[in-house]
There are 2 protein chains.
Amino acid sequence: MYNELSPRKQAILKAIVDAYIESGDPVGSKTLTQSKQFVLSSATIRNEMAELEALGYLEQPHTSAGRIPTELGYRFYVDALMQDYALSQGELAELNSMLKAKSAEIDKLIHNAGKVMANLTNYPAIAVKQGQGKNTVTRFSLTYIDEGNFLLVMVCGSRSAKTRFVRTDIPVNEEVLRMLEQVLNNFVAGKDLSTLTLPYLMQMEQCLGNYAGLVSPIIKFVYEAVDKDEERALHIDGVDKLLEYPEFMESGKLKDMLGMFDRKDELFELLDEEGDDVTICIGREKGVEAMAGSSLVFKKIVVGGKTVGAVGVIGPCRMDYSKVVSAIRYLSDGIAGVLYTPQNGQLTAPTEQDDPNKR
Amino acid sequence: MYNELSPRKQAILKAIVDAYIESGDPVGSKTLTQSKQFVLSSATIRNEMAELEALGYLEQPHTSAGRIPTELGYRFYVDALMQDYALSQGELAELNSMLKAKSAEIDKLIHNAGKVMANLTNYPAIAVKQGQGKNTVTRFSLTYIDEGNFLLVMVCGSRSAKTRFVRTDIPVNEEVLRMLEQVLNNFVAGKDLSTLTLPYLMQMEQCLGNYAGLVSPIIKFVYEAVDKDEERALHIDGVDKLLEYPEFMESGKLKDMLGMFDRKDELFELLDEEGDDVTICIGREKGVEAMAGSSLVFKKIVVGGKTVGAVGVIGPCRMDYSKVVSAIRYLSDGIAGVLYTPQNGQLTAPTEQDDPNKR
DNA sequence: TTTTAGCACTCCTTTCGTTCAAGTGCTAAA
DNA sequence: TTTAGCACTTGAACGAAAGGAGTGCTAAAA
């Protein structure tokens, strides 16, 4: 697909993208000849640039400005030209200190990851905690509070639990709750929602006699608990960093971004991309209009085969991809490492980290 | 304190603030005479304006511009001059539809409140869910998952519960968990953290024999659970609305705002103000530098004597205070109303709203 | 055939002066 | 005490001119 580009064209394209990423100004032929990396006259480079433009890799904001990469240009750059960036000692230290933080609670870890990413890369960072694909409540537990109130605990899978306070006008006691608990565990635990037909629920209500009235509110909570969207959370850190890039200062770009940050649905959509390594969305590639001029780079955090979240950054298309990619890869893998316990492939409770030689 | 201002000065100040709030342009003497509300010449009004400026209520961006209110001017306006705004039918409908939403779960309610506020007022809205002042776990409950894992449920007060998954290398079963549960309820439930001295904990460990090793991780979770800050959350909706006000488009104001939105600590501080009705912070009044040129209007949501959160908006000092105040008051009280159940003064479970005549 | 020097041309950006309009403060008269 | 009148200030808007960066093309050189 890209074979059409001669090595020299590639080198020139790379130089242009590199320069533009750094400066933000359109780069002209003179800039390249001055950089000494080519033993060519500016005229030759101009010819090449004109061809690269014809091929769709470059564009001119206007005659007599230099060239800037198109989305296609960036795409080729990240796919084929970009060099690996070696994180500096300081950067590694920053990332590591975050990974070694006391709490390995997933929420905090992911949230902190966002802050660190934003700081390190100087782009707004996105940190997602993904809802688990669980769609059944595996176990119910009821805790008595007083006659009119009890706590409903729903365990979903082996790594998530939801609680709800239930107020009831039918006075309950420990004994009743035990019974109700058992009924719930028999009838509902482990069952798919589709099982919960009306007749099925009525059957359940019969088992409960006077307490049948509790079924419907509880079932409502069950529905809420298994709602996948419920549990996913997306944080954006360092939004103000956008202002450091002049491309956002004018026109409606900033508004588009902030609007997208506010709504979040487009972001979730973009982040749903499959792909297990770092994913790079350049501009409108994925059909999101608000992404015009901006790129999103992220990587899922996969623990024991399950995607538990993602970290990434969003910024102008002229983003320091190589550094960003390195940082994201390191952090994403690092978080996965902290959360993973080889023995059982499960998410670990925080204590596990602090006391590894307990046994 | 404000007696120094003659009624006419007050009227003129009010007219200026009103006009400036609406237009955003400095208002001159001519504008006021043209508005027909004064039977005075522009010269007279100019004199009054000059005096209001000398008194610190107005300022001029530059000679030959009209006057704009100072922070003091706004302060006087909101304290003494502002008229009540009657919410329109449409606005009331919007607010009510939100209050009648299916779920009365406090998190969602408050979160939605933010969205609605931002929409209605056209300023970014702030929605806070406050950490409850609870500082003890009132009840423990353990749920068996498998030999190496169980769920720890901590009930705090009668309106909040936390869950943690505990992984253990000491195999457990239902029976052990019952015992542990009992010990926890005896030793820790309802106790202040200061009670949990090392000797006390060791005593507890003795009761548990082989399972003493579980105490320390659990106590750590207890500490986490009662951490007040843990539970408070602050959402900001409609950040992009800031861009509709030209005052933010230039200079570093926007960056200040976004930075403040990001950090949130200054916001928490501002929102900690006491005061049970709508609170209005104008500019740097409260010493927050980033608030220069912006105002924050909010009201706590108080349910049964407890502050459970707050809603507010933040925007330029030239904010439509009267509308904002009305909307915030209505919404804050409305949410409190939805959450309050007169019979017991407690937070109610969602079902309560849908099924009020269950008994 | 490829590269390069030279040059005319385009178009943005900056600067600078001019004009324009808004709004003021002051003075003197009503 | 109020008002008409007027000189003055000042930012905003406009346009012309200058400057500069960068291009494409042509023709010569390699």
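Chain naming here is simple, since letters A, B, ... match the order of the sequence lines and numbering starts at 1 in each. Please read these numbers as outputs of a predicted model, since none were measured by experiment. Values reported hereafter were calculated over all heavy atoms of this structure, with side chains retained and with hydrogens, waters and symmetry mates removed.
- With a cut-off of 3.5 Å on both Watson-Crick or G-U wobble distances, the partner of dG15(D) is given as dC16(C).
- The side chain of N47(A) lies closest to dT4(C), out of dG22(D), dT3(D), dT4(C).
- The listed nucleotides are dT3(D), dT9(D), dG22(D); the one nearest the side chain of S41(B) is dT3(D).
- Of the listed residues (L271(A), I282(A), I280(A)), just one forms a side chain to side chain contact (heavy atoms under 4.5 Å, CB included) with L296(A), and that residue is L271(A).
- Distance from the side chain of T63(A) is smallest for dT10(C) among the nucleotides dA4(D), dG24(D), dT10(C).
- Regarding contacts with the backbone of dG22(D), every side-chain N or O of R67(A) stays at 4.0 angstrom or more from both OP1 and OP2.
- Comparing R8(B) and P61(B), the nucleotide of DNA chain D nearest to each residue sits closer to the 5' end for R8(B).
- Counting only heavy atoms from C-beta on, A43(B) has its side chain closest to dT3(D) among dT3(D), dT10(D), dA5(C).
- A distance below 6.0 Å separates the ring centres of Y245(A) and Y123(A).
- The side chain of S64(A) sits closest to dG20(D) out of dG20(D), dT10(D), dG24(D).
- Under a 3.5 Å cut-off, the side chain of S332(B) and the backbone N or O of R329(B) do not form any donor-acceptor pair.
- Of the side-chain N and O atoms in R46(A), none sit less than 4.0 angstrom from OP1 or OP2 of dC7(C).
- Residue S29(B) has a polar side-chain atom (N or O) positioned under 4.0 Å from OP1 or OP2 of dT24(C).
- Among dT4(C), dT10(D), dG24(D), the nucleotide with an atom closest to any side-chain atom of H62(B) is dT10(D).
- Closest heavy-atom contact between K253(A) and G293(A): CE-CA, 4.1 Å.
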